[in-house]
Amino acid sequence: MKILMNTELVSRSDAKVDIEDRGYQFGDGIYEVIRVYDGEIFTLDEHMERLERSAKEIKITLPCSLSELKERVKELVSVNAVHDGGIYMQVTRGVSARNHLFPGADVKAQLIAYPVPSKRPEELQKSGVEAMTLEDIRWKRCDIKSLNLLGNILAKQEASEADKFEAVMIRDGIVTEGSSTNFYAVKDGTVYTHPANHYILNGITRMKIIEACGHAGIPFEEKGIRAEDLHQYDEVFISSTTIEVMPVIRLDNLEYSGGRPGPVTQSLQKAFRNLLPGGNVYTQ
Ligand SMILES: Cc1ncc(COP(=O)(O)O)c(C=O)c1O
């Protein structure tokens, strides 16, 4: 396997991280997960733009221009013959003696990217999943795709130990998002989701779902969904790069559309699939 390290493709055995890398010591960095379908990188521009934005928000200078980075990612996919899978990419503030303060300008950001297995979870997309709500204990800059994922990890682990697929997080009585997904609820045919502000990550899949709503003629609205109103909604679903549009059939003790994926969610699954490279080959 070849790994992208800054702007070079190196072998797996040459891809080494320094013990004083700030990503390792402080979680001082950002990341992206990108999906490859049918050998084609899906929404590469959007992921690279989000990476650039995250970098800017935490004052990291990327090791090269976005256009060069895109070319390197394409090479990475091609040299590793990724057909259906994912690319994980992270950028840290670089290597320097441990100190909370930013290092000097001579310390360069460190970027790595490599292929990761990723398969469409078709069975779960058909059956739907169960989720539980938990308090959102994260910081107030969830719009930055930071390597610091402790709040997310603790929530996902707690959900998993309760045999739930996802933890849906609540901040001040409002549903924000899942531990690694965006959250949506449907009422009378309209899809609602949290506004893309500092309390959620503006998912690339979320942006595509908004586009898919347009194609499918499904009304879409950004609003804070109150946790106490969750029982009033007809359908609930979550989304991410790896799970796409995933129906939630049970959330805590609430059951949606008779424990099966609801009609609006199913229409959106279809509309979303139509946006994928080679999307029309997917039956589910
Ligand atoms: C907290 C959080 N929200 C939302 C998402 C969905 O983002 P995307 O659709 O870009 O994968 C993710 C993805 O990892 C996430 O970690």
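Note that ligands are numbered from 1 as they come in the structure, with each ligand's atoms numbered from 1 the same way.
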Inset, instruction - Step through it carefully: locate the ring centre of Phe26, locate the ring centre of His100, and say whether they are under 6.0 Å apart. - result: yes
Inset, instruction - Nearest heavy atom to atom 7 (O) of ligand 1 wins, so pick from Gly203, Gly86, Gly151. - result: Gly203
Legend entry - Shortest protein contact, atom 9 (O) of ligand 1 (heavy atom only): Thr205 OG1, 2.5 Å
Inset, instruction - Nearest heavy atom to atom 2 (C) of ligand 1 wins, so pick from Glu177, Arg35, Met207. - result: Glu177
Inset, instruction - Output the distance between atom CZ (Arg93) and atom CZ (Arg22), rounded to the nearest 0.5 Å. - result: 6.0 Å
Legend entry - Sub-4.0 Å heavy-atom contact, Cys142 with ligand 1: no
Inset, instruction - Provide, to 0.1 Å, the distance between atom 6 (C) of ligand 1 and the closest protein heavy atom, together with that atom's residue and name. - result: Asn182 OD1, 3.7 Å
Legend entry - Test applied, salt bridge (charged side-chain N to carboxylate O under 4.0 Å, His left out); reference residue, Arg206; option that passes from Glu222, Glu46, Glu211, Glu177: Glu222
Inset, instruction - May I ask you to identify the nearest protein heavy atom to atom 11 (O) of ligand 1, giving residue, atom name and distance to one decimal place in Å? - result: Thr241 OG1, 2.6 Å
Legend entry - Close approach, Arg50 and ligand 1, non-hydrogen under 4.0 angstrom: yes
Legend entry - Shortest protein heavy-atom distance from atom 16 (O) of ligand 1, along with the residue and atom involved: Ser180 CA, 3.4 Å
Inset, instruction - Report, in ascending order of atom number, the atoms of ligand 1 lying under 4.0 Å from any heavy atom of Ser240. - result: 6 (C), 9 (O), 11 (O)
Inset, instruction - Look at atom 14 (O) of ligand 1 and say which protein heavy atom is nearest, naming residue and atom and giving the distance to 0.1 Å. - result: Lys145 NZ, 3.0 Å
Legend entry - Thr181 touching ligand 1 at heavy-atom level, < 4.0 angstrom: yes
Inset, instruction - Compute the minimum heavy-atom distance from Glu32 to ligand 1 and say whether it is under 4.0 Å. - result: no
Legend entry - Atoms in ligand 1 flagged as close to Asn152, the criterion being non-hydrogen separation under 4.0 Å: 1 (C)
Legend entry - Cationic tip of Lys187 above Tyr233 ring, under 6.0 Å, 45° of axis: no
Inset, instruction - Drop me the distance from Arg250's CZ to Glu255's CD, to the nearest 0.5 angstrom. - result: 4.5 Å
Legend entry - Interatomic distance, Lys208 atom NZ to Cys213 atom SG [nearest 0.5 angstrom]: 13.0 Å
Legend entry - Polar atom proximity, Ile204 to ligand 1 (N or O, under 3.5 Å): yes
Inset, instruction - Please examine the side chains of Arg138 and Thr176, heavy atoms only from C-beta on, and report whether any two atoms are closer than 4.5 Å. - result: yes
Inset, instruction - Give the ring-plane orientation class for Tyr114 versus Tyr88, where under 30° counts as parallel, over 60° as perpendicular and anything between as tilted. - result: tilted
Inset, instruction - For Ala155, check side-chain contact (heavy atoms from CB on, under 4.5 Å) against everything at least two apart and list the hits. - result: Leu134, Ala167, Met169, Ser179
